Amino acid sequence: MTGGGADRSHRPNLAVVGATGAVGTVLLGILSARQDVWGEIRLVASARSAGRRLTVRGEQVEVVALSEEAFEGIDVAMFDVPDEVSAQWAPIAAAKGTVVVDNSGAFRMDEDVPLVVPEVNAAAARIRPRGIIANPNCTTMSMIVALGALHSEFGLRELVVASYQAASGAGQAGIEVLREQTAKVAGTGVGEQAGDLRALISDTGPFAAPLALNAVPWAGSLQEDGWSSEELKVRNESRKILGLANLRVAVTCVRIPVITTHSLAVHAVFEREVTQERAQEILAQAPGVVLYDNPGAGEFPTPNDVVGTDPTWVGRVRRSIDDPTALDLFVCGDNLRKGAALNTAQIAELVAGELIGRATP
């Protein structure tokens, strides 16, 4: 695709793998809205989606099936597919000379694959022995831009986090199940007595318990010592992104009945003394962060405020009553935008800039 009248002949070519999925759809909108650095944009999906036509940059583009041939002439490929699909196809694309930016969990903790958030560790994207760059989990992403800014000033040494995660974090199935459950319980009085929800809702879908009118303290799969996979992702990914291998992290992940936007209550302990005023000043100036913090006026972020926006929103910033080196704060981030699609696009743009720079005499 080279239509639209723009000269794209010397720009890198991009493939979007998983273009028909929930995050892929958001990604196409982001590509259309951001500065155009791409030559061809090739849309790739499973064989059953091949032949569909989707709009990107105001043009209709036909989806092609995932295959080795789909990466011919492609410089950068953004993958938004299940872990097992990425594990199989990302190395195939990389072997063809394509730089892969992967949004799955297949490579995040691979020591030869950088885990990148451009506002925090952009330089890491240049060192990619396997030709693959990983995008963090959306829960980690919802807090790490703000924490990266604070770490640069105060030196982070410990995190205690409780997440409040949206249904869309479990994919389209999570959204559909929450809508079905909400419709079923609306106006019924269910939830006023113990066991009401479980009696009425037998199909909990991807969740461990009914989500409508409820909070479910579980996300992911069971790991050693009772931790969930989602909780371990937040711990391990935060360490890798910030370059703090021994960072102490304790996480409890909770699903709540909202469609989109993850929220986290964060207790962060630093090497140096902090103040509320300095922390607020840093966050107000940090790229990719919106400080919305005046609780006396009812100003603090909620999922409903943040959905559909790109930045991490931060409020309720307080110095700990008992520890002058600790801060408490509340953060919200749209898990489908910065939590997935936008960060993937930003990483790909870093690579595009690198490739264009190499090609410039």
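Because the structure is a prediction, the values reported are computed rather than measured.
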Rounded to the nearest 0.5 Å, how far does CD1 of Ile133 lie from CZ of Arg126?
10.5 Å
Leu147 and Val266, any side-chain heavy atoms less than 4.5 Å apart:
yes
Salt bridge between Glu119 and Lys338, side-chain N to carboxylate O under 4.0 Å?
yes
CG of Leu342 to CD of Gln346: how many Å apart, nearest 0.5 Å?
4.0 Å
In terms of side-chain geometry, is the basic nitrogen of Glu354 or Arg128 positioned less than 4.0 Å from the acidic oxygen of its partner?
yes
With no hydrogens and no angle check, just 3.5 Å: does a side-chain donor-acceptor pair link Thr275 and Glu273?
no
Val117 vs Asn343 side-chain heavy atoms within contact, under 4.5 Å:
yes
Check Glu62 with Arg52, please: is the shortest side-chain N to carboxylate O separation under 4.0 Å?
no
Does Arg11 come within less than 4.0 Å of Glu40, counting only side-chain N to carboxylate O?
no
Within-4.5 Å side-chain heavy-atom neighbours: Arg272 and Thr325
no
Side chains of Thr139 and Gln165: do they bring a donor and an acceptor to under 3.5 Å?
yes
Min side-chain heavy-atom separation Val16-Leu31 under 4.5 Å:
yes
Could you check whether Arg57 pairs with Asp36 (Lys NZ or Arg NE/NH1/NH2 to Asp/Glu carboxylate O, under 4.0 Å)?
yes
Check whether any side-chain heavy atom of Asp334 lies under 4.5 Å from a side-chain heavy atom of Asp310, and answer yes or no.
no
Report yes if the side chains of Arg108 and Asn137 come closer than 4.5 Å at any heavy-atom pair, otherwise no.
yes
Answer yes or no: are there more than 12 heavy-atom neighbours, outside Arg318 itself, under 6.0 Å from its atom CZ?
yes
Please check if the number of heavy atoms outside Arg278 that lie under 6.0 Å from its CZ is greater than 12.
yes
Taking Leu178's backbone N and O only, do any of them form a donor-acceptor pair with Thr182's side chain (distance below 3.5 Å, no angle check)?
yes
Between Ser168 and Ile259, is there a donor-acceptor pair closer than 3.5 Å when you use the side chain of the first and the backbone of the second?
yes
NZ/NE/NH1/NH2 to OD/OE distance under 4.0 Å, Arg130 and Asp110
yes
Taking the six-membered ring for Trp, are Phe71 and Phe79 parallel (under 30°), tilted (30 to 60°) or perpendicular (over 60°)?
parallel
Are any of the side-chain heavy atoms of Thr344 and Asp80 separated by less than 4.5 Å?
no
